[in-house]
2 protein chains.
Amino acid sequence: MSVPSTPTRGRPARLDHARTVRTALDLLDESGLDALTMRRLADAMGVQAGALYRYFATKQDLLTAMAERMLADADGPATDGEWSERLAALARAMRTALLDHRDGARVYAGTHSTGPNTLGFAENVLGVLRDAGFDDADAARALMAVANFTVGHTLEEQAALQPAGEGPGDAGPADAGVLRDAVAAGRYPHLTAALPVFTGPDYDAHFEFGLRLLVDGLRARR
Amino acid sequence: MSVPSTPTRGRPARLDHARTVRTALDLLDESGLDALTMRRLADAMGVQAGALYRYFATKQDLLTAMAERMLADADGPATDGEWSERLAALARAMRTALLDHRDGARVYAGTHSTGPNTLGFAENVLGVLRDAGFDDADAARALMAVANFTVGHTLEEQAALQPAGEGPGDAGPADAGVLRDAVAAGRYPHLTAALPVFTGPDYDAHFEFGLRLLVDGLRARR
DNA sequence: ACCTGAACACCGTTCAAGT
DNA sequence: ACCTGAACACCGTTCAAGT
């Protein structure tokens, strides 16, 4: 009882689950997913690479823990208002949570967390939908549709964001020129007309458009 | 003029772009993306790993060529009928093209092809939408929404398909049990109700549901 | 021109041994 | 109990040298 309540006193443990995940997310933001290696993470924690395996059985487990932690920011209390606006707010929160970390969507897409943040988010979305009158099957499938769209969109958005040459997938600003040249080289009248919309950087509007389609589709179904 | 028109006569070249991409897709189907290394591909072609770099500047270029080739199967002539059914048919063709190869969605999501199959597919979708009366911006954004949903969905579907233990992301059939346990351990009334839909393997229905939402959303907008 | 051989600078993961 | 040191079995990529 008389021991200090702050366990950081005394010889601080160099490694623990939460601190390691936080450091990994910092490293992700600084250098991207491709540069996030167990060795570099160990370095950042002042430890040898092998020591990480006392806390994470595999690198995949680490990535899953990172994905779970990201979703903490999307797992807030549901806003009030109409079901359609509450659903949209949750989808926006998910996109924002992934955008908050470099390669966030790639990390999320490559894992399958069953942690409280991930399940809590799903629970919130399902609650909004079931309260709105959708049955179990429709609510479940609507959640999947919204989540899959959001992940697919954010994957694309973050690929377009990163500077060319970094990470896989030669997306990025330089990609716009490559795409323009490729479209110009062939006979793509429709693509030529639509090209300015693609190369334009207004991903907020793109996301809102797709989200609107899903919500309106759900409204038509109710 | 008198040389044989079949260049396969004489000493056959061990390497060429198209044959290498085909072999890489075969290897992908057999062993999955994580087992697709430049060394193993070189082995399958009867060549040293370094030799591949005469045809592909990086492994990323190889993956992009693979993605481009996959989409050949989605780039057929547009069917006739109503715009909504033509659009749905194109989305289904894309999903099928990705499903046709193990980890197909992961390969596709990690690349940004500007080849004729990829651009041709986009051109087809845009043509259907613009012919239906959508303006350039709406057509472009509708294409993105449908493509992003399709990729997100198929990513999820293929992750759930693969046996546990293989590839990253401990999805797979075993994942259903993990998810069930996690849901049972917490207080998730909505998730508990919806769980059978998630663990059920009817991905066709899941895809059709999301696709329907998007199409109905577009109909409401026209 | 096309490919080999060998190297460079890394990886994830394991595990006996130290403290 | 927690971490080190060192190894194992690999990677993607480069490049002089061969044919």
Side-chain angles (χ1 to χ4, degrees), chain A residues 3 7-21 23-24 27-28 30-67 103 106-107 110-111 164-170, chain B residues 3 7-21 23-24 27-28 30-67 103 106-107 110-111 164-170:
Chain A
V3 287
T8 53
R9 299 277 181 84
R11 198 197 315 160
R14 280 189 289 179
L15 243 41
D16 72 274
H17 196 94
R19 230 173 54 82
T20 306
V21 172
T23 306
L27 229 114
L28 182 71
E30 280 167 33
S31 321
L33 181 55
D34 296 323
L36 179 66
T37 69
M38 296 300 264
R39 281 174 157 91
R40 278 208 254 246
L41 175 57
D43 257 22
M45 308 283 297
V47 109
Q48 295 292 318
L52 293 170
Y53 289 83
R54 196 163 296 274
Y55 300 87
F56 304 92
T58 63
K59 184 182 183 180
Q60 188 59 37
D61 282 8
L62 198 233
L63 291 168
T64 301
M66 290 167 70
D103 293 329
R106 256 172 84 204
V107 171
T111 58
E166 286 198 60
D170 16 285
Chain B
V3 288
T8 54
R9 300 275 182 84
R11 199 198 313 161
R14 281 188 287 177
L15 243 40
D16 72 276
H17 196 94
R19 229 172 55 82
T20 305
V21 172
T23 306
L27 228 114
L28 182 71
E30 282 169 30
S31 321
L33 182 55
D34 296 323
L36 179 66
T37 69
M38 296 301 264
R39 280 174 157 92
R40 277 207 254 247
L41 175 57
D43 257 22
M45 307 285 296
V47 106
Q48 294 293 316
L52 294 171
Y53 288 84
R54 196 163 296 275
Y55 299 88
F56 303 93
T58 64
K59 185 182 182 181
Q60 189 59 38
D61 282 8
L62 198 233
L63 291 168
T64 302
M66 291 168 70
D103 292 330
R106 255 171 86 203
V107 170
T111 57
E166 286 198 62
D170 18 284

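Since we're looking at a predicted model, the values are computed, not measured. Chain letters run A, B, ... following the sequence lines, proteins first, then strands; residues in each count from 1.
- A donor-acceptor pair under 3.5 Å is formed between the side chain of A:Tyr55 and the backbone N or O of A:Leu15.
- Among the nucleotides C:dG12, C:dC3, D:dC11, the one closest to any side-chain atom of A:Met38 is C:dG12.
- Mapping B:Arg40 and A:Ala49 onto DNA chain D by nearest heavy atom places A:Ala49 at the nucleotide closer to the 5' end.
- Atom CE of A:Met66 is separated from atom OG1 of A:Thr20 by 11.5 Å, given to the nearest 0.5 angstrom.
- Between B:Leu28 atom CG and B:Thr23 atom OG1 the span is 12.5 Å, to the nearest 0.5 Å.
- When all heavy atoms of A:Asp103 and A:Leu33 are compared, the pair lying nearest together is OD2-N, 2.8 Å.
- Atom CG in A:Leu15 sits roughly 17 Å away from atom P in D:dA1 (whole-Å rounding).
- Proximity note for A:Arg54 (side chain, C-beta onward) versus D:dC2, C:dC3, C:dC11: the nearest is D:dC2.
- What separates CD of B:Gln60 from C1' of D:dT13 is a distance of 14 Å, to the nearest Å.
- When each of C:dC2, C:dT4, D:dC11 is scored by its nearest atom to the side-chain atoms of B:Arg14, the top-ranked nucleotide is C:dT4.
- In terms of heavy-atom proximity, A:Val21 sits nearest to A:Ala65 at CG2-CB, 3.7 Å.
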Which donor-acceptor pairs under 3.5 Å do the side chains of residues 45-54 of chain B make with protein atoms, sequence neighbours left out?
none

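- Taking B:Ala57 as the reference, B:Asp61 meet the side-chain contact (heavy atoms from CB on, under 4.5 Å) condition, with sequence neighbours excluded.
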Revision key, fill the gap. Secondary structure of DNA chain C per the Watson-Crick/G-U criterion (both distances under 3.5 Å; [ ] crossing, | other strand, . unpaired) is ||.|||||...|||||.||

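- Between D:dA9 and C:dA9, the distance separating the two P atoms is 23 Å to the nearest Å.
- Remark: A:Phe56 pairs with A:His17 by the ring-ring contact (aromatic ring centres under 6.0 Å, His included) rule, at least two apart or across chains.
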Between the protein and nucleotides 6-8 of chain D, list every N/O to N/O distance that falls short of 3.5 Å.
unit_1 : atom_1 : unit_2  : atom_2 : d
D:dA7  : N6     : A:Arg39 : NH2    : 3.4

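- Rounding to whole angstrom units, CG of residue A:Leu41 and P of C:dC11 are separated by 12 Å.
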Distance-only check: which donor-acceptor pairs under 3.5 Å involve side-chain atoms of residues 36-44 of chain B, not counting sequence neighbours?
unit_1  : atom_1 : unit_2  : atom_2 : d
B:Thr37 : OG1    : B:Arg40 : N      : 3.0
B:Arg40 : NE     : B:Ala35 : O      : 2.9

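- Side-chain proximity of A:Tyr55 to the nucleotides C:dT4, D:dC3, C:dC2 is greatest for D:dC3.
- Counting to the nearest Å, the P atom of D:dA1 and the CG atom of A:Asp16 are 18 Å from each other.
- One can place CZ of A:Phe56 at 18 Å from C1' of C:dT14, the figure rounded to the nearest angstrom.
- Regarding B:Asp43, its CG atom lies at a distance of 15 Å from the C1' atom of C:dC3, rounded to whole Å.
- Considering only side-chain N and O atoms, B:Tyr53 lies nowhere under 4.0 angstrom from the phosphate OP1 or OP2 of C:dT4.
- Taking all atoms of both residues into account, the shortest heavy-atom contact from B:Gly110 to B:Gln60 is O-NE2, 2.8 Å.
- Between A:Asp34 atom CG and C:dC11 atom C1' the separation is 13 Å, expressed in whole Å.
- Rounded to whole Å, the distance from CE on A:Met45 to P on D:dT4 is 11 Å.
- Closest to the side chain of B:Thr37, out of D:dG12, D:dC3, C:dC3, is D:dG12.
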